[in-house]
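By convention here, the first residue in the shown sequence is residue 1. Quick note: numbers below take in every heavy atom, side chains included, and nothing from hydrogens, waters or symmetry partners.
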Amino acid sequence: LTPYTPSILVSQSGRQALAPVLGARENEQDMDTFSSLKDLDYVDLMKDPSQITKTLADLLPPPLDVALLSEFEPGSPLTNLDRISGVGLLGAWADFEQESAESWARYDKVSAENLFRSAAGITPTLYKELVSPLLHVLPMTPGYDCSAAAALSCFHVFALQSRGAFDVRWCRGAISEKIFNPWAEQMQSSGVEIRGSSKVTALSNIKDSEKFKLTINENETIEDVDAVVFAVGATSMKKLVKDCPPVEEVSEPTDFARARGVTCVAVRLFLRPHETVTKNLLGGMHSESQLPPDVANAMKDSPVIVCGPNVGSIEQLAETGFCIYDLQRMHDEFAVSTEKTETNVPCAVLEVDFFRADLIANLNSDQEVAELALRAVAAALDVEPIDSDQILDVAVVRARDAVSHFSVGSSFLCPSVKLAKGIYMSGDWVDRAGHASWSTEKAVVTGRQAAEALSKDFGLKCETTIIPAAPDTEQLSTLRKVAKLFRDILPTMPGSNIPPAPWVLLNQITSSFRR
């Protein structure tokens, strides 16, 4: 993996902030912060006011420390009042418990946009410039189409739960090559058979037996199957279930037919290397790039750019978030090299991943997708577009409805890990109110849980340990107690049972007096 890498956040108004790497500071904070205040050299503090901000950040719980330490652009439309309004989210964040079915039921009925704008009372500018971009790249959907429960849980895991939660280390090559292939080889050496190009198309009962018959590629059958783990996404399960009577017959009512997916498009651009190698770039595994110098310098602080929707007012990006990666600074195989061999042709490598990208997936050719990606990069970085004739090669992956869509009410569609003896589920959309993890980690966790459940049902020995989700910080534990007290004595938002921000509550009270 790369070192921890900062991320640059871009909204439709341009670059907004550089999110710092905070995890490294954990080890610097073993001493009591309040005691350390007495030992500060206040003369030095006045010479370097940024130290005051860092000291104050040490006293605050995540994510308020990130808000203080992030480097916001001087031209950002975000004012101090906008940033302070984010404090309004603390009540709902503390009230929502990650592994509570009751919390999920309460917040899943409300959209993320309603939570942030109405209950938390954050300003429209903060929502547009900071919250909306994060919604478009984390749960990968606009706020009006995202469950408030999903947004809070996702933000908690990726950004809020502890100092450094927003820090990211990236794989230094293709994940299939670095992680999945060695994992597959390890399993195969233990006797596991892995069959590629073998699509499961049906599951049926065997008469007078507890076993199943599995149909692969519509014409090949496997008899006497003891157990099946459906390690598939929600939309794939929706297509499968009509041909799987044993799943339809289970006691747990799961409405797979209503499951939705998010379309993603990944574009990898192999570009003619610029004659000038830009050096001393920050934040990646490697510090040099052969992208055009204006592009490389626009990404100087980080090889990763996180972009919200409607960047550049490009039609296909109206509801599409995306990330830009300079792979020469992240992947060893693409690191700057002037040596040309049969297997190594020097080139700059840029990847752009689009989320909620149906309009892009519908473009007729990979060339059209590549040209759109170059326009998106130029708009996000505020540079001149790279000419399409600089493209040496392009790889486009269209993943239609492939990512779980956590829309309002979606948690009611999420099944448990065990549907019945012999039928199990795993994936990031499974058991959503269970283990508080997301994305690939959630898929791995539910996979291990499925292995445990299967082994218990069939009397097998299963040596697997599931790491519990990170515990609440001391500050969050305190906030949860305060939130519970307020829930017991103060009114909640009408129709939602969600605690409002203090200024929203005050507005409610004064409005009732005016009426």
Side-chain angles (χ1 to χ4, degrees), residues 108 139-141 145-147 150 176 180 193-206 211-223 225-266 353-363 396-432 438-440 442-447 449-450 453-454:
D108 197 50
M140 300 184 186
T141 183
D145 202 16
C146 180
S147 155
S176 58
F180 281 98
E193 181 184 356
I194 298 176
R195 299 181 56 173
S197 303
S198 299
K199 182 180 179 181
V200 174
T201 51
L203 178 72
S204 56
N205 293 302
I206 296 178
K211 297 188 177 185
F212 308 105
K213 180 174 73 173
L214 200 63
T215 303
I216 296 174
N217 296 332
E218 298 183 353
N219 55 18
E220 179 185 352
T221 60
I222 301 178
E223 302 281 351
V225 173
D226 294 291
V228 175
V229 179
F230 287 97
V232 296
T235 53
S236 295
M237 196 66 199
K238 176 169 67 174
K239 298 172 185 175
L240 262 175
V241 72
K242 61 183 176 57
D243 295 315
C244 298
V247 176
E248 291 188 311
E249 294 166 4
V250 298
S251 57
E252 178 177 313
T254 302
D255 189 358
F256 294 112
R258 291 174 54 199
R260 297 168 60 195
V262 175
T263 294
C264 298
V265 176
D353 293 345
F354 297 98
F355 318 116
R356 196 173 170 107
D358 301 84
L359 293 178
I360 299 173
N362 291 338
L363 292 175
V396 176
V397 176
R398 295 169 172 85
R400 298 181 187 273
D401 296 327
V403 176
S404 301
H405 184 171
F406 297 101
S407 56
V408 176
S410 60
S411 73
F412 295 105
L413 312 178
C414 297
S416 302
V417 169
K418 177 181 174 180
L419 298 186
K421 181 181 179 182
I423 303 177
Y424 311 90
M425 303 288 301
S426 70
D428 66 346
W429 64 292
V430 174
D431 189 31
R432 247 335 326 161
W438 269 83
S439 193
T440 306
K442 181 66 172 179
V444 171
V445 166
T446 53
Q449 289 172 332
L454 186 156

**Asked** Hey, does Asp226 have a side-chain heavy atom less than 4.5 Å from the side chain of Lys211?
**Response** yes
**Item:** Set of side chain to side chain contact (heavy atoms under 4.5 Å, CB included) partners for Arg400, sequence neighbours left out
**Value:** Thr263, Ala361, Asn362, Arg398
**Asked** Pick one: which of Val228, Asp243, Val241, Leu240 meets side chain to side chain contact (heavy atoms under 4.5 Å, CB included) with Leu203?
**Response** Val228
**Request:** Would you indicate whether the side-chain heavy atoms of Met140 and Phe354 approach each other to under 4.5 Å?
**Result:** no
**Prompt:** Is there a side-chain contact between Val403 and Phe355 (heavy atoms, below 4.5 Å)?
**Reply:** no
**Prompt:** Side chain of Lys418, backbone of Ala453: donor and acceptor closer than 3.5 Å?
**Reply:** no
**Message:** To check you understand the geometry: which heavy-atom pair defines the closest contact between Asp353 and Ala266, and what is its length?
**Reply:** OD1-CB, 3.4 Å
**Asked** How many angstroms lie between OG in Ser404 and CZ in Arg432, if you round to the nearest 0.5 Å?
**Response** 8.5 Å
**Message:** What I'd like to find out is whether the side chain of Leu419 reaches to under 4.5 Å of the side chain of Val247, using heavy atoms alone.
**Reply:** yes
**Item:** Euclidean distance, Ile216 CD1 relative to Ser197 OG, rounded to 0.5 Å
**Value:** 11.5 Å
**Prompt:** Just how far is it from atom NZ of Lys213 to atom CD1 of Ile206, taken to the nearest 0.5 Å?
**Reply:** 7.5 Å
**Complete:** When every non-hydrogen atom of Ala443 is compared with those of Ser426, the smallest separation belongs to O-CB, 4.4 Å
**Asked** With Ser236, which residues qualify under side-chain hydrogen bond (donor to acceptor under 3.5 Å, both in side chains), at least two apart?
**Response** none
**Request:** May I ask you to decide if Asp401's main-chain N or O and Thr235's side chain share a donor-acceptor pair within less than 3.5 Å?
**Result:** yes
**Over 12 foreign heavy atoms within 6.0 Å of CD, Glu218** = no
**Prompt:** How many angstroms lie between atom CZ of Phe256 and atom CZ of Phe230, to the nearest 0.5 angstrom?
**Reply:** 8.5 Å
**Asked** Out of curiosity, Ser204 OG to Glu223 CD, how far, rounded to the nearest 0.5 Å?
**Response** 7.5 Å
**Asked** Has the side chain of Thr201 got a donor or acceptor atom that lies under 3.5 Å from a matching backbone atom of Thr215?
**Response** yes
**Complete:** All heavy atoms of Phe406 vs all of Asp428, minimum pair found to be CZ-O, 3.8 Å
**Asked** Is a salt bridge present between Asp145 and Arg260, judged by a nitrogen-to-oxygen distance below 4.0 Å?
**Response** yes
**Message:** Strictly distance-based, threshold 3.5 Å: is any side-chain N or O of Asn217 a donor or acceptor partner for the main-chain N or O of Lys199?
**Reply:** yes
**Prompt:** Where do Val408 and Cys146 come nearest, in terms of heavy atoms and distance?
**Reply:** CG2-O, 3.8 Å
**Request:** Check whether the side chains of Ser411 and Asp108 place a donor and an acceptor atom closer than 3.5 Å, and report yes or no.
**Result:** yes
**Prompt:** Do Arg195 and Ile222 come within less than 4.5 Å of each other through their side chains, counting heavy atoms only?
**Reply:** yes
**Item:** Among Asp431, Ile423, Val430, the one residue meeting side chain to side chain contact (heavy atoms under 4.5 Å, CB included) with Pro415
**Value:** Val430
**Request:** Without swapping roles, check the side chain of Ser198 against the backbone of Gly196 for a donor-acceptor pair under 3.5 Å.
**Result:** yes
**Request:** To the nearest 0.5 angstrom, please state how far the NZ atom of Lys238 sits from the CG atom of Leu413.
**Result:** 10.0 Å
**Prompt:** Does Thr446 use its side chain to pair, donor to acceptor, with the backbone of Gly427 at less than 3.5 Å?
**Reply:** yes
**Residue pair Tyr424 / Ala450: nearest heavy atoms and the distance that separates them** = CB-CB, 4.1 Å
